[in-house]
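For reference, the structure discussed in these notes is given below.
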Protein chains: 2
Amino acid sequence: MTQANNVAPLFRDLAKVEHEHHVACQSCALYRLCLPLGLHSDDLAQLDKIIKRSQSLSRNQSLFDSQAPFKSIYVVRSGAFKTTISASNGREQVTGFYFPGEFIGMDAIYSQSYQSTAKALETSSVCELPFERLQEFGAAMPQLQVQMMSRLSKELSSDKNLMVLLGKKTAEEKMATFLVSLSRRFQDRGFSATEFQLSMSRGDIANHLGLAVETVSRLFGRLQDDRLVRLEGKSVTIEDLEALQKLCG
Amino acid sequence: MTQANNVAPLFRDLAKVEHEHHVACQSCALYRLCLPLGLHSDDLAQLDKIIKRSQSLSRNQSLFDSQAPFKSIYVVRSGAFKTTISASNGREQVTGFYFPGEFIGMDAIYSQSYQSTAKALETSSVCELPFERLQEFGAAMPQLQVQMMSRLSKELSSDKNLMVLLGKKTAEEKMATFLVSLSRRFQDRGFSATEFQLSMSRGDIANHLGLAVETVSRLFGRLQDDRLVRLEGKSVTIEDLEALQKLCG
DNA sequence: TGTTTGCATTGATCCAGGTCAAGAACTCTG
DNA sequence: CAGAGTTCTTGACCTGGATCAATGCAAACA
């Protein structure tokens with residue numbers, strides 16, 4: 001019970017408090033990170049009506065599969081997800097990790113079918129935004145559309161940064177960048193920037209960064225030897241965030 | 001004059017015919033590829049008013065620089081562009097190439113400043129869409145907003161595919177994927193799928209694919225030896241598109 | 001309680017593709 | 001059209017990180 005790997009997933013409490021009680025957008029703790037930002041409160045009430053608060057998913061359960069017809073965009077409410085695209089002969093690329101307040105499935109708007117598979121990394125829940133209804137309401141609420149574009153744009157720009165990472169960074173820089181990015185995202189969500197749990201496996205991390213699992217393992221070892229981080233299974237303590245940031249390249 | 005490298009850039013004719021005569025959206029040859037798709041003709045007339053048809057750019061001239069305040073989204077009208085992001089110590093990643101009908105600058109909506117630098121690869125011209133005015137009009141034209149989202153989504157999904165390329169593909173697969181993608185894009189624009197000019201340098205290609213220039217050069221050589229393509233400076237002839245597609249992985 | 005199954009670490013070896021170096025070919029400029 | 005950059009190609013060599021292999025370790029099961 002006191003072992004590192006038994007620590008409760010970070011975002012589970014949120015799930016209990018907010019998901020299970022069907023909290024309205026107005027009083028959701030994710031408000032600040034989510035779509036409603038910039039909407040008037042009467043618009044908000046409207047938006048609230050079209051959001052489906054779906055039941056929670058358990059570890060490894062998929063939210064949607066690649067090629068399935070596009071119906072909804074999802075906002076992570078609690079837990080964490082990964083998305084993957086598969087190339088031929090079974091090779092897969094983990095294209096992203098998603099935390100509360102982040103949007104999944106936006107790359108399906110154009111093609112009208114999901115381009116990737118989204119899987120829960122731990123017990124998680126989402127808000128579902130049926131896209132058709134979003135469009136209907138959007139006609140009367142241009143601010144909502146602009147918000148949506150803004151979210152799309154945000155993901156676009158983080159994807160471009162990932163291209164730099166995959167195309168130009170060394171293994172060490174990749175690892176540092178990954179840890180710093182996690183740290184910032186946890187902080188944005190009101191959690192510690194220096195102590196958190198990894199919800200994904202070493203394999204997922206390696207895959208996402210374009211490395212082999214062994215390399216990730218060795219690199220974690222080295223960062224630990226250098227006293228930049230401390231690792232115990234899935235729990236991470238960043239001991240020198242500044243040094244880590246310098247390593248990002 | 002008869003040498004391969006002196007062949008006129010592919011999209012220059014379009015520039016002459018359409019840009020310099022200030023063609024309206026309704027009668028633009030790019031109509032099918034561009035924003036207006038799905039708009040009513042009176043909406044189209046409105047849209048037409050807010051589009052600024054800017055003068056053309058010459059080779060190496062930048063359309064915008066990284067960090068500059070976001071004002072407009074641009075649609076390539078003729079020519080070709082590349083976008084780059086720079087990491088530390090001068091390393092740069094070419095994040096994309098853009099051809100007529102494609103949008104540049106969408107990753108700046110969220111941050112309100114351009115995240116990359118856009119440079120013309122040859123004499124080129126663009127349509128400028130001032131984003132503020134686009135928003136104003138969007139309020140009355142929800143279809144326009146949806147179109148914009150769709151374009152954003154399209155770029156998102158092609159970026160995800162680029163992640164697979166950078167993270168999981170071999171050098172040969174990368175080259176094949178690149179050529180096939182160019183081929184398809186030229187075809188979509190009504191040009192030959194098997195004969196075209198590269199508007200970018202070997203260096204740009206290498207950088208974009210996460211390879212060294214030398215590797216690109218050798219790979220071009222090998223593809224040529226294997227009779228899949230023929231190369232003469234910047235002019236490409238695809239001799240076996242199907243085989244090339246099989247190589248994409 | 002031992003067994004299975006999946007994840008993580010560690011060491012030894014290997015190779016795809018990077019780096020370095022030297023020419024060749026092209027492209028600009030005056 | 002000569003000369004000076006560039007950009008491209010080709011060869012020789014090297015290395016970062018992949019792959020292979022063995023072991024450790026913890027949760028899940030029967």
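So that the names make sense, note that chain A is the first sequence line, chain B the second, and so on, each numbered from 1.
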Going by the rule side-chain contact (heavy atoms from CB on, under 4.5 Å), which residues pair with [X] if we only count those two or more places apart in sequence or in a different chain?
X: B:S86; value: B:E92
X: A:A118; value: A:L63, A:F64, A:T83, A:I104
X: A:Q115; value: A:D107, A:S111, A:S113, B:S157

Please report the end-to-end axis angle for the helix from C:dT1-D:dA30 to C:dG30-D:dC1, five pairs per end, rounded to 10 degrees.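 Axis angle across the helix from C:dT1-D:dA30 to C:dG30-D:dC1, nearest 10°: 50°.
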
For atom [atom1] of [X] and atom [atom2] of [N], their distance in whole Å:
X: B:L198; N: C:dC26; atom1: CG; atom2: C1'; answer: 15 Å
X: B:M175; N: C:dA16; atom1: CE; atom2: P; answer: 18 Å
X: A:L223; N: C:dA8; atom1: CG; atom2: P; answer: 16 Å
X: A:E232; N: C:dA8; atom1: CD; atom2: P; answer: 15 Å
X: B:N60; N: C:dT27; atom1: CG; atom2: C1'; answer: 13 Å

Could I get the full list of ring pair (Phe, Tyr, Trp, His ring centres under 6.0 Å) partners for A:F70, not counting sequence neighbours?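 With neighbours one apart ignored, the set is A:Y114, A:F131.
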
Pairs satisfying salt bridge (Lys or Arg N to Asp or Glu O under 4.0 Å), at least one member in residues 237-249 of chain A, at least two apart: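 Matches after skipping sequence neighbours: A:R230-A:E239.
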
Give every residue pair that meets the salt bridge (Lys or Arg N to Asp or Glu O under 4.0 Å) criterion with at least one member in residues 55-71 of chain A, sequence neighbours excluded.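 Every pair satisfying salt bridge (Lys or Arg N to Asp or Glu O under 4.0 Å) with a residue in residues 55-71 of chain A: A:K71-A:E128.
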
Contact pattern, 5' to 3', of nucleotides 6-17 of chain D - B, S or - by protein heavy atom under 4.0 Å: --SBBBB----S

Counting only N and O atoms by type, is there a donor-acceptor contact under 3.5 Å from the side chain of B:S78 to the main-chain atoms of B:S125?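 Checking the backbone N and O of B:S125 against the side chain of B:S78, a donor-acceptor pair under 3.5 Å is found.
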
Is the backbone of A:T170 close enough, under 3.5 Å, to the side chain of A:E173 for a donor and an acceptor to pair up by distance?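 At least one qualifying donor-acceptor pair exists.
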
Considering only residues two or more places apart or on different chains, which pairs with a residue in residues 227-249 of chain B satisfy ring-ring contact (aromatic ring centres under 6.0 Å, His included)?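 Sorted pair list comes back empty.
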
Scan residues 230-249 of chain A for pairs that pass ring-ring contact (aromatic ring centres under 6.0 Å, His included), counting only residues two or more places apart or in two chains.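 Qualifying pairs, neighbours excluded: none.
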
If you take any heavy atom closer than 4.0 Å to DNA chain C, which residues from residues 83-95 of chain A end up in contact?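 Those residues: none at all.
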
Just list the side-chain donor-acceptor pairs under 3.5 Å for residues 219-226 of chain A, sequence neighbours left out, or say none.
{"unit_1": "A:R222", "atom_1": "NH2", "unit_2": "A:E172", "atom_2": "OE2", "d": "2.9"}
{"unit_1": "A:Q224", "atom_1": "NE2", "unit_2": "A:L231", "atom_2": "O", "d": "3.3"}

